[in-house]
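Residue numbers start from 1 in every chain, and the chains themselves are labelled A, B, ... in the order their sequence lines are given, proteins ahead of strands. All values below were derived from every heavy atom in this structure, side-chain atoms included, with hydrogens, water molecules and symmetry-related copies excluded.
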2 protein chains.
Amino acid sequence: MARDKAKDSPSDKVGTICRALRRAIIEQALEPGAKLPEDALGERFGVSRTIARHALGQLAAEGLVELRRNRIAVVATPSWQEARDTFDIRIELERLVVRQLAGRLSKAQLATLRAQVDQEEVARGGSDAVSIRLATEFHILLASMTESAIMIRYISEIAYRCCLTLSLFSRPHSSECAINEHRLLIDALESGDAEKAMSLMHHHLDSVAERALVAQAKPRGRDIMDILAPYADAPVTRSAVRKRRLDAAE
Amino acid sequence: MARDKAKDSPSDKVGTICRALRRAIIEQALEPGAKLPEDALGERFGVSRTIARHALGQLAAEGLVELRRNRIAVVATPSWQEARDTFDIRIELERLVVRQLAGRLSKAQLATLRAQVDQEEVARGGSDAVSIRLATEFHILLASMTESAIMIRYISEIAYRCCLTLSLFSRPHSSECAINEHRLLIDALESGDAEKAMSLMHHHLDSVAERALVAQAKPRGRDIMDILAPYADAPVTRSAVRKRRLDAAE
DNA sequence: ATGCCCAAAAGTGCATGCAATCATGATGCC
DNA sequence: GGCATCATGATTGCATGCACTTTTGGGCAT
C-alpha cells in the first residue's frame, strides 16, 4: 500500500506546507498568479524561510508553482497549450489506470469509490471549491487503487494542474454530468469491462477538457498582459509595461 | 520552444548539481544505494549544504534519490514492482509521443534523430555507460520534439528512472538490437505511419523491459538485506541486523 | 574471543544573518 | 501634467551555526 502521501520526503514540515498549499490551490483559494512570499509562508506555518523555500521548490517541481530568480514565487499559470498537453497525457494515464483496475476491485474498494461520488453529490449545491476538490480526489482515489507509486504521483500532479487550468479557463464549473460519468465508470469497472471503462474515462476527461478549453481562446482574467498581447500593436515604454504588469498582479 | 531544461527553477547552482547527479546516475557512476551526503556534495560543487540539500530535494521529487529523515540520502533503489510500473507508464507515454510526431517531423528533426542513432552506433563498442546515456537521450530527444513541456518532463524522469532499473536488474546491456529498433522507429515516423510507429515503440520498450525485468526475480547485488529477505526465517538480534545493513551499504 | 553498551564523530534539521536583487514611491526634468 | 531617474524598503540567494539524531568504534562484562 506504499506510503500514503508519497511526497513528504524530508521531514514533515515541508510536506505539511506542500499539502496545505496544494489544497489551497485545488480549492481555488490560491488562484493562478497568486504571490507566495517565503516570509509570509514561513510565518503562517511557523517555520523559517528555509523550509518555506524548500516547500516551494517541491511544488515547483510538481509544476504547481512558478519560481523566478529573485522574484516572488507565484502559483503557476499554465498556458492554454500546456493545459491541452496536460489533458492529453492525463487521458492516456487514466485510461491505463482503469484498464488495470477493471474487474479487479474489491467490494470494499467499489464501496469507497461510490462513497466518494455520494459526497460529490452532496456537495453539488455547495461551493465550486468543494465540488472540484471532491471530483479531483475521485480520480486520485482511483489511481491510488493501482498501488503504483509512480502512477499515483503522476495522476495526482496532473489532476492538480488540471484544477489550475480549470480555475483559469473554465467558468461556473458544471459538475452535474461529471458526477454521473463517475458513477457509470464505477459500474464499468465493477463489471470488468476494461474497454468500456477506458472509453468512459476517455470521454469523461475529454468533456471536462472541452468544457474548460474548447471554444474559448480567451484566458479570461488573471494576467492582463496575456489578454492584451493580441492587441499590443503600438510599442510601449518600459515603465508603462511595468506598471500594467503590477496592476494585473494585484 | 519552451525552456531547455525545465528543472533549474531556483538559480542555476541547484540546477547544475541536479544535472551533474542525473548524469552520474544515468552513466551508472552512481549506482542505486550510493550515499549522497550533503557535505560532500556541497564541497564538491563549491556550495553550501543548503544548496546541496535543495538539489537532493529536487532529485527526490523526481524519484532519483531517496531521502530518509536524519539519514544520508541515497540514490534510489526501485523495487522490481516499481520498475514494472514505471515501464508500463513509459510505454503509454512514448506511444503518445510517436503518435503525435508521426508524419510531422521536419527533415532537420529527422536528421537530428538519425545523428543521435549514429552516435549510438559509434559508441557500441565502448562503455555501457555511454551507450545507455545515448539511448536514453534518444528517447528524450524524441519527447522534446513534441514541444510539450510536461511530456518532456515526464519522459525524462521516467527514462532516468529506467536507467536506475537497468543498473539494478539488467546485465551487460545488450544495445545492439535497440539501435536497430531506433532506426526502424525513425523510418516509421518519417513515413507518417502512426500505428506502426506506436507499435514499434511499444515493442521496443517491451523488449528493453523484458531484457531487464523478466526471468530474473533476483535483484542481483546492491542491498544484501533485500536479497536475504526471503531467507530471513530465524529472528536475529538487533546488533546483528545493524551490522549486516552496514556491510551491505558499503 | 564474543557480544553489549556507551561516548565521540559524523550527519542531518532548521533558523538566522548578510549580501544581492528587485519593487515602489518620491524627486526632478521636460 | 507626463515621463524618466533614483533612493528606500521588500524579498530572495546563500552560507553559517547550533541542536538533535544516527553512526561508529572502543571498552567492559561474559
Undergrad: Given D:dT23, C:dG11, D:dT12, identify the nucleotide with an atom nearest to the side chain of B:Arg71.
TA: D:dT23

Undergrad: Could you tell me how far apart A:Lys35 (NZ) and D:dT11 (P) are, to the nearest whole angstrom?
TA: 8 Å

Undergrad: In Å, rounded to the nearest 0.5 Å, how long is the span from CD1 of B:Ile158 to CD1 of B:Ile91?
TA: 10.5 Å

Undergrad: Between atom CD in A:Glu38 and atom P in D:dG13, what is the gap in whole Å?
TA: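 Atom-to-atom, A:Glu38 to D:dG13, this comes out as 6 Å.
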
Undergrad: Tell me: CG of B:Leu67 to C1' of C:dT12, nearest whole Å?
TA: 10 Å

Undergrad: Check the distance between C:dA9's P and B:Ile72's CD1 and give it to me in whole angstrom.
TA: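 Spelled out: CD1 on B:Ile72 to P on C:dA9 is 17 Å.
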
Undergrad: Take the protein atom CD1 of B:Ile51 and the nucleotide atom P of D:dT16, then report the distance between them rounded to whole Å.
TA: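 Those two atoms, CD1 and P, are 11 Å apart.
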
Undergrad: Give, for atom CG of B:Leu56 and atom CG of B:Leu67, the distance between the pair rounded to the nearest 0.5 Å.
TA: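 B:Leu56 CG to B:Leu67 CG: 6.0 Å, rounded to 0.5 Å.
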
Undergrad: Take A:Thr50 and A:Leu56, find for each the nucleotide of DNA chain D with the closest heavy atom, and name the residue whose nucleotide sits nearer the 5' end.
TA: A:Leu56

Undergrad: Rounded to the nearest 0.5 Å, how far does CD of A:Glu38 lie from CD of A:Glu43?
TA: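 Here the rounded value is 14.0 Å.
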
Undergrad: With respect to the phosphate group of D:dA15, does any side-chain polar atom (N or O) of B:Arg49 fall under 4.0 Å of OP1 or OP2?
TA: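 False: B:Arg49 side-chain N/O out of range (4.0 Å or more) of D:dA15 OP1/OP2.
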
Undergrad: Using modelled atom types and a 3.5 Å cut-off, is there a donor and acceptor pairing between side-chain atoms of B:Thr146 and backbone atoms of B:Leu142?
TA: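 Judged by distance alone, no pair lies under 3.5 Å.
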
Undergrad: In Å, rounded to the nearest 0.5 Å, how long is the span from CD of B:Glu157 to CG of B:Leu93?
TA: 11.0 Å

Undergrad: So if I take every side-chain heavy atom of B:Asn70 and compare against C:dC14, D:dT22, D:dC14, which nucleotide ends up nearest?
TA: D:dT22

Undergrad: Whole-Å distance between D:dA15 P and B:Glu43 CD?
TA: 13 Å

Undergrad: Whole-Å distance between C:dT12 P and A:Lys13 NZ?
TA: 18 Å

Undergrad: Any side-chain N or O of B:Arg69 less than 4.0 Å from the OP1 or OP2 oxygen of C:dT12?
TA: no

Undergrad: Taking the minimum atom-to-atom distance to the side chain of B:Arg53, which one of C:dT16, C:dG13, C:dC22 wins?
TA: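 The nucleotide sitting nearest to the side chain is C:dG13.
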
Undergrad: Starting at atom CG of B:Leu36, determine the distance to atom P of C:dG11, rounded to an integer number of angstrom.
TA: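 One finds 13 Å between P of C:dG11 and CG of B:Leu36, rounded.
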
